[in-house]
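Just so it is clear: chains get the letters A, B, ... in the order the sequence lines come, proteins before strands, and each one is counted from 1.
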Number of protein chains: 2
Amino acid sequence: MIREACPTLAPQRREHIRLLVRESGIARVEDLRRELKVSVATIRRDLEVLEDEGKVRRVHGGAVSMENRLEESVFDDKTSQFSKQKRSIAEKAYNLIGPDDSVFLDGGSTTLCLARLLKDRNDLTVVTNSLRAAGELSDSGPRVILTGGELRKISQTMVGPLTSAVLNQVRVDKAFMGTMGFCLKNGLTTTDPNEAFVKSLIMEQASQVVLLADSSKAEKVSFARVSDWQKIDVLLSDHKLPSTFIKTLPKHGVKVHVV
Amino acid sequence: MIREACPTLAPQRREHIRLLVRESGIARVEDLRRELKVSVATIRRDLEVLEDEGKVRRVHGGAVSMENRLEESVFDDKTSQFSKQKRSIAEKAYNLIGPDDSVFLDGGSTTLCLARLLKDRNDLTVVTNSLRAAGELSDSGPRVILTGGELRKISQTMVGPLTSAVLNQVRVDKAFMGTMGFCLKNGLTTTDPNEAFVKSLIMEQASQVVLLADSSKAEKVSFARVSDWQKIDVLLSDHKLPSTFIKTLPKHGVKVHVV
DNA sequence: TTGTTTTTGATCGTTTTTGAAAGAATTGCA
DNA sequence: TGCAATTCTTTCAAAAACGATCAAAAACAA
């Protein structure tokens with residue numbers, strides 16, 4: 001017998017899984033299979049969806065919850081599908097950087113990934129408003145210039161009028177930007193207007209603007225508008241990027257690379 | 001039998017190990033094997049991962065915790081004989097801060113000590129050019145404003161013309177300054193002219209300037225001049241401060257407190 | 001009804017994890 | 001120092017888990 005019935009609706013089952021994972025912080029695929037009476041393939045597919053939604057993080061043998069911040073210590077794992085995509089995107093971005101370039105690094109986990117790759121590039125100048133990116137490069141490697149400004153603690157980035165004051169006085173060859181969401185209609189959006197303003201400002205000062213955004217950001221829209229697609233030169237994303245973007249964005253002058 | 005089942009997930013097991021190691025500070029491979037009921041090979045591999053993550057340090061026979069040692073290590077790694085004095089000086093400085101004050105924190109280990117004391121003061125605004133001070137206050141506590149500028153890696157502070165651009169636009173009630181050396185003749189001196197310039201600039205913008213300097217800095221002279229004693233309102237030092245300073249400095253308008 | 005899409009389970013080749021064994025390194029003791 | 005005991009690293013094989021693919025069942029649309 002290949003298939004039986006559809007005992008529960010998929011969203012309902014996924015919600016059940018989410019709660020089970022959150023309850024004990026961690027759950028094994030095999031246990032979930034017994035509990036829900038479906039095949040391991042289905043469990044795996046559900047976990048994949050939940051990971052894309054940011055609810056759980058998959059590990060070999062099961063998944064851990066991402067909803068309780070208590071588990072943050074197991075958070076920084078490099079094996080999760082998400083992190084793999086981010087790293088691939090960051091590596092692609094790294095190859096765009098030429099010798100002696102000056103680059104801007106935006107906040108966000110993908111650009112932080114890129115920062116790590118720059119640790120032994122003594123020829124570069126890195127401008128950033130991300131405290132964590134600066135921290136990664138604070139021991140050795142490129143010349144580091146921080147933008148200054150008020151520290152927005154939730155994103156660990158510097159924003160506000162003081163940031164603008166510095167940004168108006170610098171220029172970079174390439175700006176590597178992150179975003180909370182992007183879609184064809186509204187372009188790039190993020191949650192905080194101050195952050196959005198800083199982003200748009202640095203994009204003005206860059207010869208080339210590269211957007212690093214995995215496919216989970218696609219079709220997401222946030223409160224504050226950052227920029228339209230005209231300002232973006234390159235989009236680096238992963239293979240799950242909806243084909244609409246691959247078809248449409250080149251018409252706006254955006255080169256799209258998926259990894 | 002080569003292999004059994006996968007009773008616990010690897011991240012869960014590693015978390016368990018981490019806690020065991022942190023609890024007693026040290027744990028032996030053999031003890032962990034008995035506790036977790038896996039082979040020593042697995043324990044060793046887990047310890048290797050935890051070491052890569054900076055959670056433990058492996059030693060022959062087991063591992064020691066690297067957590068909860070951060071406070072002490074930062075205090076200790078800067079000449080432990082002075083760390084208690086630095087802490088006392090920082091506490092004295094803390095008492096000078098009023099409600100809703102805006103303060104500037106300079107780089108250096110004593111001001112970093114002060115930064116730690118400010119972690120739950122939500123009423124304050126802290127301006128700093130020290131990356132480490134910003135890091136201490138990056139999760140909670142006061143509003144944090146970074147000056148921006150080029151990162152001087154040896155001191156983990158931001159310096160240069162971009163820093164000046166921001167500093168010209170802020171004002172603080174109190175500036176808490178460190179120094180590499182001070183003496184009656186040359187006033188305050190430090191190694192880097194860029195750093196010296198930033199220091200003198202912020203002192204211009206402060207209603208009150210407090211110098212935090214333990215007695216080891218007395219009679220030391222560095223390359224770059226920061227300021228003369230006229231600019232300083234208060235000197236906080238320890239009881240080993242040569243009495244010349246206690247006698248002479250009040251004539252220049254400097255209140256001297258020793259702890 | 002018929003045809004299409006979605007969901008689910010099974011299979012297969014691959015990757016990851018784990019345990020065991022052998023040789024190298026370290027420690028303790030005389 | 002030399003020797004024994006313990007511990008570590010390396011290497012290999014088995015078991016478990018994984019991803020990709022395909023086929024059957026169900027849901028859906030016309």
Side-chain angles (χ1 to χ4, degrees), chain A residues 1-18 20-21 26-53 56-64 74 76-88 214-216 238-244 258-259, chain B residues 1-18 20-21 26-53 56-64:
Chain A
M1 159 258 292
I2 295 288
R3 235 218 66 129
E4 199 195 278
C6 185
T8 69
L9 266 38
Q12 192 178 351
R13 187 186 55 238
R14 282 196 279 270
E15 180 66 8
H16 194 164
I17 292 177
R18 185 179 73 81
L20 284 171
V21 174
I26 194 163
R28 291 159 25 95
V29 170
E30 188 55 28
D31 296 340
L32 292 170
R33 183 194 62 75
R34 261 202 303 276
E35 177 77 20
L36 299 166
K37 310 213 193 303
V38 291
S39 74
V40 288
T42 303
I43 298 289
R44 280 189 233 288
R45 276 186 282 252
D46 285 343
L47 290 178
E48 197 175 356
V49 171
L50 288 169
E51 178 162 54
D52 277 352
E53 293 173 358
V56 308
R57 198 192 85 227
R58 297 188 65 189
V59 297
H60 194 93
V64 297
V74 255
D76 48 26
D77 185 67
K78 289 157 192 159
T79 60
S80 90
Q81 193 56 43
F82 254 8
S83 303
K84 271 187 196 164
Q85 288 171 1
K86 285 182 203 295
R87 202 166 60 243
S88 303
D214 62 82
S215 55
S216 71
D238 57 79
H239 64 280
K240 287 181 184 165
L241 182 75
S243 56
T244 348
V258 296
V259 292
Chain B
M1 158 254 294
I2 295 288
R3 207 191 102 94
E4 208 190 88
C6 184
T8 72
L9 265 32
Q12 191 176 24
R13 190 185 54 236
R14 283 196 276 269
E15 180 68 5
H16 195 163
I17 292 176
R18 186 179 72 83
L20 285 170
V21 174
I26 188 167
R28 298 168 45 78
V29 170
E30 188 54 28
D31 297 338
L32 292 170
R33 184 195 63 75
R34 259 201 308 276
E35 178 76 20
L36 299 166
K37 309 212 194 304
V38 292
S39 74
V40 289
T42 302
I43 298 288
R44 283 189 229 289
R45 277 186 279 250
D46 284 343
L47 290 177
E48 199 176 354
V49 171
L50 288 169
E51 180 162 49
D52 277 353
E53 293 174 357
V56 309
R57 206 184 75 223
R58 298 187 63 188
V59 294
H60 195 90
V64 295

Q: Look at B:R13 and C:dT17 and indicate whether a side-chain polar atom (N or O) is within less than 4.0 Å of OP1 or OP2.
A: no

Q: Rounded to whole Å, please give me the gap between CG in B:L9 and P in C:dT16.
A: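 That distance rounds to 16 Å.
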
Q: Kindly say if A:T42 contacts the phosphate of C:dG9, meaning a side-chain N or O under 4.0 Å from OP1 or OP2.
A: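 Yes, A:T42 has a side-chain N/O under 4.0 Å of OP1/OP2 on C:dG9.
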
Q: Which listed nucleotide (C:dA20, C:dG9, D:dT7) is nearest to the side chain of A:S39?
A: C:dG9

Q: May I ask you to test the A:I26-B:E15 pair for a side-chain heavy-atom distance under 4.5 Å?
A: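 Heavy-atom side-chain distance check fails, nothing below 4.5 Å.
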
Q: Once you round it to whole Å, what is the distance between P of C:dT17 and CD1 of B:I43?
A: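 Roughly 16 Å, once rounded to whole Å.
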
Q: Just call it for A:V40: base, sugar-phosphate, or nothing, with non-hydrogen atoms closer than 4.0 Å on any strand.
A: nothing

Q: What's the CZ-P distance between A:R28 and D:dA15, to the nearest Å?
A: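 It is 17 Å, rounded to the nearest whole Å.
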
Q: Side-chain contact, heavy-atom cut-off 4.5 Å: B:E35 with B:H16?
A: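 B:E35 reaches B:H16 side chain to side chain.
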
Q: Start at the 5' end of DNA chain D and walk down; is the nucleotide closest to B:G62 or to A:V29 reached first?
A: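 The residue whose closest nucleotide sits nearer the 5' end is B:G62.
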
Q: Report the distance from atom CG of A:D46 to atom C1' of C:dT6, rounded to the nearest whole Å.
A: 14 Å

Q: Name the residue closer to the 5' end of DNA chain D, choosing between B:A41 and B:E30 according to the nucleotide with the nearest heavy atom.
A: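 That would be B:E30.
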
Q: How close or far is atom C1' of D:dT21 from atom CD of A:E48, stated in whole angstroms?
A: 14 Å

Q: Any side-chain heavy atom of B:L47 sitting closer than 4.5 Å to one from B:R44?
A: no

Q: If only side-chain N and O atoms of B:R44 are considered, is one of them under 4.0 Å from the OP1 or OP2 phosphate oxygen of C:dT17?
A: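 For C:dT17, OP1/OP2 do not have a side-chain N/O of B:R44 under 4.0 Å.
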
Q: Could you check whether A:R33 gets within reach of a base, just the sugar-phosphate, or nothing at all, counting any heavy atom under 4.0 Å?
A: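 Answer is nothing: A:R33 stays at 4.0 Å or more from every strand.
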
Q: Evaluate the criterion side chain to side chain contact (heavy atoms under 4.5 Å, CB included) for residue pair A:V49 and A:E53; output intermediate values, then yes/no.
A: CA-CA 6 Å; A:V49 171; A:E53 293 173 358; 3.6 Å; yes

Q: Between A:K37 (NZ) and C:dG9 (C1'), how many Å, whole number?
A: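 In whole Å, C:dG9 C1' and A:K37 NZ are 17 Å from each other.
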
Q: Can you name the residues that form a side chain to side chain donor-acceptor pair (under 3.5 Å) with B:R33, not counting sequence neighbours?
A: B:E30

Q: Is a donor-acceptor contact shorter than 3.5 angstrom present between the side chain of A:R45 and the base of D:dG19?
A: no

Q: Separation of A:L47 atom CG from C:dT8 atom C1', in whole Å?
A: 15 Å

Q: Below the 4.0 Å mark, does D:dG19 have OP1 or OP2 next to a side-chain nitrogen or oxygen of A:R58?
A: yes

Q: Can you figure out which of C:dT18, C:dT8, C:dT27 approaches the side chain of B:H60 most closely?
A: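 Comparing C:dT18, C:dT8, C:dT27 against the side chain of B:H60, the answer is C:dT27.
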
